[in-house]
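The structure appears right after this line, and notes come after that.
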Number of protein chains: 2
Amino acid sequence: MNDVHHDRLHDFESAIFYCEKNGLNVTKPREEVLKAILGSKKPLGAYDILEKLAEPLNKPKPPTVYRAIDFWQSHGFIHRIESLNAYIGCDTDHHHEGSQFIICDKCGNVEEVHLCSVPAELQKKSEESGLKISHWVLELHGTCKTCQ
Amino acid sequence: MNDVHHDRLHDFESAIFYCEKNGLNVTKPREEVLKAILGSKKPLGAYDILEKLAEPLNKPKPPTVYRAIDFWQSHGFIHRIESLNAYIGCDTDHHHEGSQFIICDKCGNVEEVHLCSVPAELQKKSEESGLKISHWVLELHGTCKTCQ
DNA sequence: GGTTTTTAGGAATCGTATCACATATTGCGG
DNA sequence: CCGCAATATGTGATACGATTCCTAAAAACC
């Protein structure tokens, strides 16, 4: 567990706790995938994860990793960043249909932002258009404070 | 040119005009790629485009299509929809750093939305975090009026 | 213990995108 | 017009991302 970055340790433990409470199996692949993602400050691609797990899981194949990703994602513990094809740990209590990220294209750091709801302007637009929103993707790219 | 959907014909012509005015070459691959994208009501994947161009361009290879996509994208005439890995024509005057889409996951229709600026809530968050925004991705998924 | 459900292993394949390198075409100064 | 530089294309190979399908193991339940 000490290979999970310290400020994400709590996330790891709370995920485990959540699973225990809800009768979900925390299997070896799932555990290792979550550890890999939470252990990284930056989002990881599926094949980055695959590499990291070569040792602990004896060279797993893509489906193994994708299955675990799906599992954690479906329970809201990790998010996919569409514009990076990469995965990152959720930094709050899971299960929100939208996620928002602030992404530095220079250093690759990603910060999760939490809006409790769709911004008003958009809410309005989607109402006008009659869309019943299921989820949304919001990714701001730019240069972070330290990289400027 | 009559294979460009009628309500996108103007977009095609104004792109050509823009290129002439700015000394940009409208080559055969570029022309065909733009026509393919504007000729479709729904976003096209790169390999969809590749297929459509099999005849007019004599079975082009991926780089041919991607280069033309990059070209039009860099001049703001088409957008990439990250959560679909697909490309769609811009429906207004080009060159805005952010694009916003309303996507029906049932019928695949996409509507472009134009916010002139980043929603206030996000603007605030990105200021707090010190991000200098270069571009942003905003994609609302759900079910459109007619599909509900 | 036997059956059902859940999970994992693994080969193959598909979809998306880029690299490297050769070739062609265009634009422009002499 | 020629030759050079800049721009753009053709093409094979390869990298990266994700899924399908089928088999086998492990857990949960009776």
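Note that these values count all heavy atoms, side chains included, but never hydrogens, waters or copies made by symmetry. By convention in this document, chain letters (A, B, ...) are assigned in the order of the sequence lines, proteins followed by strands, and residues within each chain are numbered from 1.
The shortest side-chain heavy-atom distance between A/Tyr18 and A/Phe77 falls under the 4.5 Å cut-off.
No donor-acceptor contact under 3.5 Å links the side chain of A/Arg80 to the base of D/dG17. Taking only distance into account, the side chain of B/Tyr47 never meets the base of C/dG15 through a donor-acceptor pair shorter than 3.5 Å.
Taking atom CG on A/Leu24 and atom P on C/dT7, their separation rounds to 8 Å, with Å as the unit.
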Donor-acceptor pairs are to be reported for all side-chain atoms of residues 141-148 of chain A against protein atoms at under 3.5 Å, with residues two or more places apart or in another chain.
unit_1	atom_1	unit_2	atom_2	d
A/His141	ND1	A/Asp105	OD1	2.7
A/His141	ND1	A/Asp105	OD2	3.4
A/His141	NE2	A/Ser83	OG	2.8
A/Gln148	NE2	A/Thr143	O	2.9
A/Gln148	NE2	B/Gly130	O	2.8

Atom pairs and distances, side-chain donor-acceptor, residues 46-59 of chain A, under 3.5 Å, sequence neighbours left out:
unit_1	atom_1	unit_2	atom_2	d
A/Asp48	OD2	A/Gly45	N	2.9

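The side-chain contact (heavy atoms from CB on, under 4.5 Å) test applied to A/Gln123 returns A/Val118, A/Ser126, A/Glu127, not counting sequence neighbours. Checked against side-chain hydrogen bond (donor to acceptor under 3.5 Å, both in side chains), A/Asn85 has the following partners two or more places apart in sequence or in another chain: A/Arg80. With sequence neighbours excluded, the residues forming a side-chain contact (heavy atoms from CB on, under 4.5 Å) with B/Lys42 are B/Ser40, B/Asn109, listed by chain and number. The side-chain contact (heavy atoms from CB on, under 4.5 Å) check on B/Asn25 picks up B/Thr27, B/Arg30, with sequence neighbours excluded. Considering only residues two or more places apart in sequence or on other chains, B/Lys124 meets the side-chain hydrogen bond (donor to acceptor under 3.5 Å, both in side chains) condition with B/Glu128. For A/Ser129, the side-chain hydrogen bond (donor to acceptor under 3.5 Å, both in side chains) criterion is met by B/Glu111, not counting sequence neighbours.
Within residues 49-62 of chain B, the residues approaching DNA chain C are B/Pro62, by heavy-atom distance under 4.0 Å. Looking at residues 82-89 of chain A, you'll see A/Asn85, A/Tyr87 sit with a heavy atom under 4.0 Å from some atom of DNA chain D.
At C/dG9, one or more side-chain N or O atoms of A/Thr64 fall inside 4.0 Å of OP1 or OP2 (strictly under the cut-off). In terms of phosphate contacts, B/Thr27 brings a side-chain nitrogen or oxygen within less than 4.0 Å of OP1 or OP2 of D/dT9. Contact annotation: A/Arg30 side-chain N/O to C/dT7 OP1/OP2 distance is under 4.0 Å.
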Classify every nucleotide of nucleotides 23-30 of chain D by which part a protein heavy atom approaches to under 4.0 Å, writing B for the base, S for the sugar-phosphate alone and - for neither, in 5'-to-3' order. -----S--

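Looking only at distances, a side-chain donor or acceptor of B/Ser74 sits under 3.5 Å from a matching main-chain atom of B/Asp70.
Connectivity analysis of hydrophobic side chains (ILVMFWY, heavy atoms under 4.5 Å, direct or indirect) links A/Phe17 to nothing; its cluster partners are none.
Checking D/dG12, D/dT9, C/dA11 against the side-chain heavy atoms of B/Pro63 singles out D/dG12 as nearest.
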